[in-house]
S.K.: 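Before I ask anything, let me first share the structure, which is written out below as structure tokens.
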Amino acid sequence: MATSILRQSSCLSINRATTFSPILRNGSIRWSTTAAVVLSAETTQTRFPGAVGSPITTTMNFTQPSNLSQIPTYRVMGSDGIILDKDREVPDVTNEQAVTWYKNMLTVNILDSIMYEAQRQGRLSFYMVSAGEEGVTVGSAAALEPRDVICCQYRETGVFQQRGFTLKDFMSQLVSNRNDPGKGRNMPVHYSGKNKVGAHAIASTLGTQLPHATGVALAMKIQALENPTDAPRVVACYFGEGAASEGDFHAALNIAAVKGCPVIFICRNNGFAISTPTSDQYKGDGIASRGVGYGIATLRVDGTDIFAVYEATKQARQMAVSDGGRPILLELMSYRVSHHSTSDDSFAYRTRSEVESWKSHDNPLTRLRKWLENHDLWDDILEKENRTQIRRAILKEFAAAEREKKPALSAIFDDVYEVLSEEQEAQKKELRRILQKYPAEYDVSQYEGGIEGL
């Protein structure tokens, strides 16, 4: 039977039995349930389900990465604060916006410096600084809408600052007092801001926010279909280039691309995964090339240029909500000036001169400040005044947060099950017994409600 079909179809382009052929957006047919398919000699493209439209060639030619052009980096403003392209329109940013962004970046920078020293004094157990990446976080957050959802890693203090977190909010989480939405159950800098700024609680487990973001975006896509008159929303998912080595990264991008999820994957490529430099992390063209491999529109951006970051994120958001939704990957390039955390000494694997060079040359604060000064919006007097005011406000809120009570002891058992199980009730009872038996060992007065708070 097969032989007769082949003979009968020798002069035909295709001979088929029953066929069901979904049409893709570009008009091509993705797959076909065909009993017998014979391609003619004139066929120039394949119809394999895994590579629809791939050109046929008789030349064996391996695709060599070295023969491909390196992905360029989008930049708007030079290190001197001057717009590079004289023929382009001026950035669509008001003077008030630019000044606010600079103040937010300055606040994050000073906050980091004070909290780093506080950890060294024993007043905090842990801290992570984001020096060198202030433009990445503040600039991208400025381009998002209030109803958008944020999934962070752990170096996005600027995102929280730009979206409305107050110094009291930061301090409450850092010292784990009763005003912390996370009820003191997470490490410092693992902020919880879902209700206030639309940012889900940060987790230390590397990369887990990536598939979460894809899932949230898919839910948004379904909601948009059910409520077409509602304003479209996106998910912004932040992660470092080190997290892109996790399996969660690949699963998240692939599913988001296949399902057309409205999510912006924002990679902070700061050059290091703790002590591992990018030269030891990957051989390919950064993280951006991986987005292309998954069929995702991708852009590499100078993360020290806040105008470039803002424009890229704003355009990415528009693209993400168009045509029913799709993912976008932004690789925001920067340099991690700070140590990875207070548990790290980065001078064990890089030189001080290298760090100082980045501080002076591609500093996101300096770049924006020069632009402000070029437009008579900032000067040394304003710099000094604002630094003094910000520092004073941070120290005041820090001291106030330390005086607050810790969350009630019952928070240990909250938010896991709606109703405590018999085992949990027994554990709670046993905890109370131990605390009452050894009051000198366990000072519960610092917790809201004391022993009665249990």
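Heavy-atom basis, side chains included; hydrogens, waters and symmetry copies ignored.
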S.K.: Of all heavy-atom pairs between Leu124 and Leu174, which one has the smallest distance, and what is that distance?
M.R.: CD2-O, 3.4 Å
S.K.: Evaluate whether atom CG of Asp92 has more than 12 neighbouring non-hydrogen atoms of other residues, nucleotides or ligands under 6.0 angstrom away.
M.R.: no
S.K.: State which residue, out of Arg163, Gln161, Arg268, Gln162, fulfils the side-chain hydrogen bond (donor to acceptor under 3.5 Å, both in side chains) condition with Glu156.
M.R.: Arg268
S.K.: Between Lys359 and Glu356 (salt bridge meaning N to carboxylate O under 4.0 Å), is one present in this structure?
M.R.: yes
S.K.: Does any part of the side chain of Gln209, heavy atoms only, come nearer than 4.5 Å to the side chain of Cys237, both counted from C-beta?
M.R.: yes
S.K.: Does Leu382 offer a backbone N or O that forms a donor-acceptor pair with the side chain of Asn386 under 3.5 Å?
M.R.: yes
S.K.: Atom NZ of residue position Lys196 - does it have more than 12 heavy atoms of other residues, nucleotides or ligands inside 6.0 Å?
M.R.: yes
S.K.: Flag yes if more than 12 heavy atoms outside Arg185 fall under 6.0 Å of its CZ atom; otherwise flag no.
M.R.: yes
S.K.: Which is it for Glu383 and Leu106 under the side-chain contact (heavy atoms from CB on, under 4.5 Å) test, yes or no, and what are the steps along the way?
M.R.: CA-CA 9 Å; Glu383 181 76 12; Leu106 198 59; 3.9 Å; yes
S.K.: Report the residues that fulfil ring-ring contact (aromatic ring centres under 6.0 Å, His included) with Phe126, sequence neighbours left out, ordered by chain and then residue number.
M.R.: none
S.K.: Here's a test for you: under side-chain contact (heavy atoms from CB on, under 4.5 Å), which of Val263, Asp230, Val149 qualifies with Met220?
M.R.: Val149
S.K.: Taking atom CZ of Arg352 as the centre, report whether more than 12 heavy atoms of other residues, nucleotides or ligands fall under 6.0 Å from it.
M.R.: no
S.K.: State whether the number of non-hydrogen atoms from other residues, nucleotides or ligands found under 6.0 Å of Gln121 atom CD is greater than 12.
M.R.: yes
S.K.: Is Phe160 close to Asp169 at the side-chain level, that is, under 4.5 Å between some pair of heavy atoms?
M.R.: no
S.K.: Between Ser338 and Ser130, which heavy-atom pair has the shortest distance, and what is it?
M.R.: OG-N, 4.3 Å
S.K.: Any ion pair linking Glu331 and Arg300 (charged N to carboxylate O, less than 4.0 Å)?
M.R.: yes
